[in-house]
Chemist: 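Before anything else, here's the structure in question.
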Amino acid sequence: NITVEETDLVKVVPDVEDPDGDEVNLVFSLPLNAEGVWQTDFGDAGEHVIKVTAGDAETTVGGEAVVTVTKKNQPPQIVSSTPQSRELSAHEGDEIRFSVIADDPEKQQLNVTWTVDDVQFEEGNSFDYSLDYDSAGTQRVAALISDGTDTVEREWVVSVTNVNRPPSLQWLEDIRT
């Protein structure tokens, strides 16, 4: 018996010989092809009985095996995201709204985590990123979408330009001379 995971390749190679030295022909039942190969896919989970027959010009013998295909998690899929451009320019003091819409092929609940330079900021389908006056430089904003097993990522690179701020003056008490 053979156990594989969805999307794995199954290749059946029986050990066959004819004691008379005759040529032996192999025949495989579906889902194997004529070479005894089956590329499994999502949705193939379950038990599959395969039959293999070996025959020479006069006699045929056969056998069966069970191929068990176990379910494999499918990662979430990002349907859309904003901003659409992955490279953004902004100024200190700006606010940028990021959002993602994702779907899971198995309809598992998704969790979206937002990070800036690998530091977690918040969770949810959208993130309002306020750039303060210490934000100048290049920053990486990422949405990490997880179904609990697999995580996919959408990333933006934000180039933040420094904004000149006026000097501050602290008022002194009236000075009398």
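The structure presented is a predicted model; accordingly, all values stated were derived computationally and were not measured.
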Chemist: When you measure from the side chain of Q139 to the backbone of S135, do you find a donor-acceptor pair of N or O atoms at a distance under 3.5 Å?
Modeler: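 Yes: the side chain of Q139 pairs with the backbone of S135.
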
Chemist: What residue pairs, at least two apart or across chains, pass ring pair (Phe, Tyr, Trp, His ring centres under 6.0 Å) with a residue in residues 66-88?
Modeler: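 As it turns out, there is no ring pair (Phe, Tyr, Trp, His ring centres under 6.0 Å) pair with a partner in residues 66-88 once direct neighbours are skipped.
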
Chemist: With the side chain counted from C-beta on, respond yes when T7 and F42 share a heavy-atom pair under 4.5 Å apart, and no when they do not.
Modeler: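 In contact.
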
Chemist: Report the hydrophobic cluster partners of I78, with the cluster defined as I, L, V, M, F, W, Y residues connected by side-chain heavy atoms closer than 4.5 angstrom, directly or transitively.
Modeler: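 Members alongside I78: L88, I96, F98, V100, L110, V112, W114, V116, V119, F121, F127, Y129, L131, V141, I145, V152, W156, V158, V160.
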
Chemist: With the side chain counted from C-beta on, respond yes when N1 and T68 share a heavy-atom pair under 4.5 Å apart, and no when they do not.
Modeler: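 Heavy-atom side-chain distance check fails, nothing below 4.5 Å.
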
Chemist: Indicate yes or no for a side-chain donor-acceptor contact from S146 to the backbone of G148 under 3.5 Å, with no hydrogens or angles considered.
Modeler: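 Flag set: sc S146 to bb G148 pair under 3.5 Å.
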
Chemist: Would you indicate whether the side-chain heavy atoms of T151 and P75 approach each other to under 4.5 Å?
Modeler: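 In short, these two side chains do not touch, never coming nearer than 4.5 Å.
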
Chemist: Only counting residues at least two apart or in another chain, list the ones meeting side-chain hydrogen bond (donor to acceptor under 3.5 Å, both in side chains) with N73.
Modeler: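 side-chain hydrogen bond (donor to acceptor under 3.5 Å, both in side chains) list for N73, sorted by chain: D147, D150.
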
Chemist: So which pairs with a foot in residues 54-80 pass ring pair (Phe, Tyr, Trp, His ring centres under 6.0 Å), sequence neighbours left out?
Modeler: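 Passing the test, one end in residues 54-80: no pairs.
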
Chemist: Between L144 and T115, is the side-chain contact (heavy atoms from CB on, under 4.5 Å) condition met? List the steps.
Modeler: CA-CA 8 Å; L144 306 171; T115 64; 4.0 Å; yes

Chemist: How many angstroms lie between NZ in K72 and OG1 in T149, if you round to the nearest 0.5 Å?
Modeler: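 Rounded to the nearest 0.5 Å, the NZ-OG1 separation comes out at 12.0 Å.
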
Chemist: Partners of R140 by side-chain hydrogen bond (donor to acceptor under 3.5 Å, both in side chains), sequence neighbours excluded?
Modeler: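 If we apply the side-chain hydrogen bond (donor to acceptor under 3.5 Å, both in side chains) test to R140, skipping adjacent residues, the hits are D118, E153, E155.
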
Chemist: For P14, what residues pass the side-chain contact (heavy atoms from CB on, under 4.5 Å) criterion, not counting sequence neighbours?
Modeler: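 Result, side-chain contact (heavy atoms from CB on, under 4.5 Å) vs P14: V12, V16, L26, F28, V52.
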
Chemist: Are E106 and K71 close enough that some pair of their side-chain heavy atoms sits under 4.5 Å apart?
Modeler: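 With C-beta onward as the side chain, the pair touches.
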
Chemist: How long is the gap from CG on D8 to CG on D44, to the nearest 0.5 Å?
Modeler: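 The CG atom of D44 is 11.0 Å from CG of D8, to the nearest 0.5 Å.
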
Chemist: Within this structure, what is the CG-CD distance for the pair D22 and E58, rounded to the nearest 0.5 Å?
Modeler: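 Between D22 CG and E58 CD, I get 7.0 Å after rounding to 0.5 Å.
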
Chemist: Apply side-chain hydrogen bond (donor to acceptor under 3.5 Å, both in side chains) to S29 and list each qualifying residue two or more places apart in sequence or on a separate chain.
Modeler: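 Expected list: none.
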
Chemist: Linking Ile, Leu, Val, Met, Phe, Trp and Tyr through side-chain heavy atoms less than 4.5 Å apart, which residues share a cluster with V79?
Modeler: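 Same cluster as V79: I101.
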
Chemist: So, do E92 and N162 sit near enough that their side-chain heavy atoms are less than 4.5 Å apart?
Modeler: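 Side-chain contact under 4.5 Å: yes.
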
Chemist: For a quick test of reading the model, state the closest non-hydrogen atom pair linking S159 to T138 and the distance between them.
Modeler: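 In this case the closest contact between S159 and T138 is OG-OG1, 4.1 Å.
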
Chemist: To which residues is V49 joined in a hydrophobic cluster, defined by side-chain heavy-atom contacts under 4.5 Å among Ile, Leu, Val, Met, Phe, Trp and Tyr, whether direct or through other members?
Modeler: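 V66, which link up through side-chain heavy atoms under 4.5 Å apart, make up the rest of the cluster.
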
Chemist: List, by chain and number, the other hydrophobic cluster members for Y133, where Ile, Leu, Val, Met, Phe, Trp and Tyr join if side-chain heavy atoms come within less than 4.5 Å, directly or indirectly.
Modeler: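 Its cluster mates, by chain and number, are V163.
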
Chemist: I'd like to know if the side chain of E5 reaches the main chain of V69, judged simply by a donor and an acceptor atom lying under 3.5 Å from each other, with no hydrogens or angles considered.
Modeler: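 The answer is no, because no donor-acceptor pair under 3.5 Å joins these two groups.
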
Chemist: Does atom CD of E87 have more than 12 heavy-atom neighbours, drawn from other residues, nucleotides or ligands, at distances under 6.0 Å?
Modeler: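 At most 12 heavy atoms, drawn from other residues, nucleotides or ligands, come within 6.0 Å of this atom.
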
Chemist: Side chains of T82 and S99: any donor to acceptor distance under 3.5 Å?
Modeler: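 The criterion, which ignores hydrogens and geometry beyond distance, is satisfied for T82 and S99.
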
Chemist: Does R97 have any side-chain hydrogen bond (donor to acceptor under 3.5 Å, both in side chains) partners at least two apart in sequence or in another chain, and if so, which?
Modeler: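 With sequence neighbours excluded, R97 shows a side-chain hydrogen bond (donor to acceptor under 3.5 Å, both in side chains) to S126, D128, given in chain and number order.
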
Chemist: For T53, enumerate each residue passing the side-chain contact (heavy atoms from CB on, under 4.5 Å) test, keeping only those at least two apart in sequence or located in another chain.
Modeler: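 T53: side-chain contact (heavy atoms from CB on, under 4.5 Å) contacts with V27, T60.
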
Chemist: Measure the spacing between CG of N111 and CD of Q109 and express it to the nearest 0.5 Å.
Modeler: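 Those atoms lie 8.0 Å apart.
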
Chemist: How close do T40 and E6 get, counting heavy atoms only, and between which atoms?
Modeler: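 Smallest interatomic distance, heavy atoms only, reads OG1-C, 3.7 Å.
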
